[in-house]
Amino acid sequence: MKIAPQSDALTFARTRDGAGHRLILVSKYAGDAVTGVDLTTALGPDCDDPVTAYVTHGYEGIRRASSGAPDITVPLDALALPVALTASHIAVGTNFPEHAKESTVTDGPFLFPKEVEPTLFNAPIPAGDALLDYEVELCFVALSDTDISKPVECMGIILCNDVTDRATLMRHINPRNITSGQGFTTGKSAPAYLPVGNLFIIPFDLRAFITGVELRLTRNGVVKQAARQAEAIWGFDQLLSETRKRQDLSWDHRGRTVRLAVDAGVIPARTGILAGTPDGTIFKGLNKSAIPLGLFDWLLGGWSKPVTHWIVERHIAQEQRAKTYLQAGERVSISVEHLGELRNVITA
């Protein structure tokens, strides 16, 4: 995998070091190992995180500290989370035109909170009784408390899989207003539903860098999602402006009121902003046969619940029998040039 030159971006990885971490400025990614400069040694023990290092030393300070320092090589399996992130994230739905079509959502992109701790690039993802779906996404990361009422010039980026339980999501959405985002937090915020990439990148020119990003996800070695980030409907700047517009909205998440991770126009440092997924997800809208069957269930005495409830339950039952969604033993991989990898096995 190619690593971006330092003139374009700083690329970081981390390993565990006792109770803390050791920060590596990566220059090479080959086979099952990364090679680079040990920045924790070069900059001091407090610089064990890329956000801390960037805020303390700046882009050029990190480059100078790494110049001439000896390299170390670390196996991929020894890598930790490349950056410390919050557990409250901002996410966007149907932000790629073809994914909007396949999902039969035609009212444009929408936002919702995702409330879950990030996990390792190679962490298992439990399926349980979920209709478990994958979503490759680019995630922007605030490097400091970021006032989005002003132009934002710098953020970090990391890959992620916006894992989704389609059954839980569909049971909680507002079928008359999908783009309200209702139910999406609940369907996407179970433990282990946010594995992130093994590299963290701080581009020198964020907007120029992301135009070259090509997202790619495979299921059991077969390509399922592939698209350029530039195809997204809302680009970086519009994502921020739409977030600011919606900062006072709230959503219900299992009886708890949640909001987007923004307050008075400020996004807290280390907050992730998930930028949407391309087409190729397992979900392709409701099965057409579920509609008359659900109506039949309602007519047979299910009047205490809306007809949409019965249609959704028919769809879920059909998909569970067909085993269309991710099953235990399957592998989902994300690999994007300059940005690293995710390799996740589905467990029971």
Side-chain angles (χ1 to χ4, degrees), residues 81 84-95 103 105 109-120 123-135 137 139 160-196 242-243 246-263 267-268 270-277 281-283 285-286 290 294 302 304-317 319-320 325-326 328 344 346-348:
L81 286 173
L85 301 175
T86 68
S88 296
H89 319 280
I90 299 164
V92 59
T94 60
N95 197 30
S103 302
V105 178
F110 57 95
L111 297 176
F112 57 90
K114 185 171 173 99
E115 298 284 315
V116 60
E117 295 275 357
T119 53
L120 287 170
I125 304 173
D129 59 357
L131 295 183
L132 196 68
D133 205 349
Y134 48 74
E135 293 189 7
E137 301 202 21
C139 179
C160 70
N161 188 343
D162 181 17
V163 179
T164 305
D165 175 5
R166 298 291 178 187
T168 297
L169 191 158
M170 294 179 72
R171 284 170 172 148
H172 288 83
I173 61 171
N174 179 353
R176 294 179 179 82
N177 185 8
I178 302 297
T179 56
S180 69
Q182 182 177 319
F184 280 76
T185 302
T186 303
K188 291 172 172 281
S189 297
Y193 275 23
L194 188 63
V196 298
E242 298 294 339
T243 296
R246 292 164 173 79
Q247 62 184 309
D248 295 325
L249 298 181
S250 62
W251 291 259
D252 176 77
H253 173 44
R254 300 189 184 278
R256 178 167 65 93
T257 299
V258 293
R259 291 181 168 82
L260 298 177
V262 56
D263 183 28
I267 294 176
R270 303 178 184 275
T271 299
I273 305 169
L274 284 65
T277 198
T281 58
I282 302 172
F283 180 72
L286 277 171
S304 62
K305 296 180 180 178
V307 66
T308 52
H309 164 84
W310 299 107
I311 293 171
V312 164
E313 290 303 319
R314 280 287 189 169
H315 173 87
I316 291 170
E319 294 299 312
Q320 287 174 333
Y325 286 80
L326 293 169
N344 303 109
I346 309 305
T347 58

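Every heavy atom of this structure was used, including side-chain atoms; hydrogens, water molecules and symmetry mates were not. All values derive from a computational prediction rather than experimental measurement.
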- Within a radius of less than 6.0 Å around CG of Asn177, do more than 12 heavy atoms belonging to other residues, nucleotides or ligands occur? yes

- Item | Spatial distance of atom OG1 (Thr119) from atom CG (Asn344) [nearest 0.5 Å] | 7.0 Å

- Message: Tell me every residue that passes side-chain hydrogen bond (donor to acceptor under 3.5 Å, both in side chains) with Glu242, counting only those two or more places apart in sequence or in another chain.
- Response: Gln238, Lys245, Arg246

- Task: Work out which heavy atom in Asn95 is nearest to a heavy atom in Gly276; give both atom names and the distance.
- Result: CB-CA, 4.2 Å

- Item | Heavy-atom closest pair, residues Lys305 and Trp310 | O-NE1, 3.8 Å

Donor-acceptor contacts, no H, no angles, side chain residues 184-192, under 3.5 Å, sequence neighbours left out:
unit_1 : atom_1 : unit_2 : atom_2 : d
Thr185 : OG1    : Pro113 : O      : 2.6
Thr186 : OG1    : His253 : ND1    : 3.2
Lys188 : NZ     : Glu135 : OE1    : 3.2
Lys188 : NZ     : Glu135 : OE2    : 3.1
Lys188 : NZ     : Asp162 : OD2    : 3.0
Lys188 : NZ     : Thr164 : OG1    : 2.7
Ser189 : OG     : Glu115 : N      : 2.9
Ser189 : OG     : Thr185 : O      : 2.7

- Note on the structure: Partner of Leu111 under side-chain contact (heavy atoms from CB on, under 4.5 Å), picked from Thr179, Ile273, Thr243, is Thr243

- State, yes or no, whether a side-chain contact exists between Val163 and Asp133 at a heavy-atom distance under 4.5 Å. no

- Task: Please report the closest heavy-atom contact between Cys139 and Leu274, naming both atoms and the distance.
- Result: SG-CD1, 3.9 Å

- Rounded distance [0.5 Å steps], CD1 in Ile178 versus OG1 in Thr94: 10.0 Å

- Grab the two heavy atoms, one from Ala328 and one from Ala348, that are nearest each other, plus how far apart they are. CB-N, 3.7 Å

- Message: My understanding is that only residues two or more places apart in sequence, or in another chain, count here; which of them pass side chain to side chain contact (heavy atoms under 4.5 Å, CB included) with Glu319?
- Response: Leu131, Asn287, His315, Thr324, Tyr325

- CG of Leu249 to CG of Leu260, rounded to nearest 0.5 Å, is 7.0 Å

- Not counting sequence neighbours, list each pair that qualifies as a salt bridge (charged side-chain N to carboxylate O under 4.0 Å, His left out) and has a residue in residues 171-183. Arg171-Glu313

- Query: What is the minimum heavy-atom distance between Ile282 and Leu132, and which atoms define it?
  - Reply: CD1-O, 3.7 Å

- Message: Under the rule for side chain to side chain contact (heavy atoms under 4.5 Å, CB included), what residues qualify as partners of Arg314, not counting sequence neighbours?
- Response: Ala290, Leu293, Asp297

- Evaluation steps, side chain to side chain contact (heavy atoms under 4.5 Å, CB included), between Asp252 and His172: CA-CA 9 Å; Asp252 176 77; His172 288 83; 5.7 Å; no

- Item | Asp263, CG: over 12 other non-hydrogen atoms inside 6.0 angstrom | no

- Message: Would you compute the distance between atom OH of Tyr134 and atom CD1 of Ile346 and round it to the nearest 0.5 angstrom?
- Response: 11.0 Å

- Residues passing the side chain to side chain contact (heavy atoms under 4.5 Å, CB included) test with Thr257, sequence neighbours excluded, are Ser250, Arg259

- Query: What pairs with Thr168 under side-chain hydrogen bond (donor to acceptor under 3.5 Å, both in side chains), at least two apart in sequence or on another chain?
  - Reply: Asp165

- Who pairs with Pro268 by side chain to side chain contact (heavy atoms under 4.5 Å, CB included), at least two apart in sequence or on another chain? Asp145, Thr271

- Residues passing the side-chain hydrogen bond (donor to acceptor under 3.5 Å, both in side chains) test with Thr308, sequence neighbours excluded, are none

- Got a donor-acceptor contact below 3.5 angstrom from the Asn174 side chain to the Gln182 backbone? no

- Item | Which atom of Tyr193 lies closest to which atom of Ala130, heavy atoms considered | OH-CB, 3.8 Å

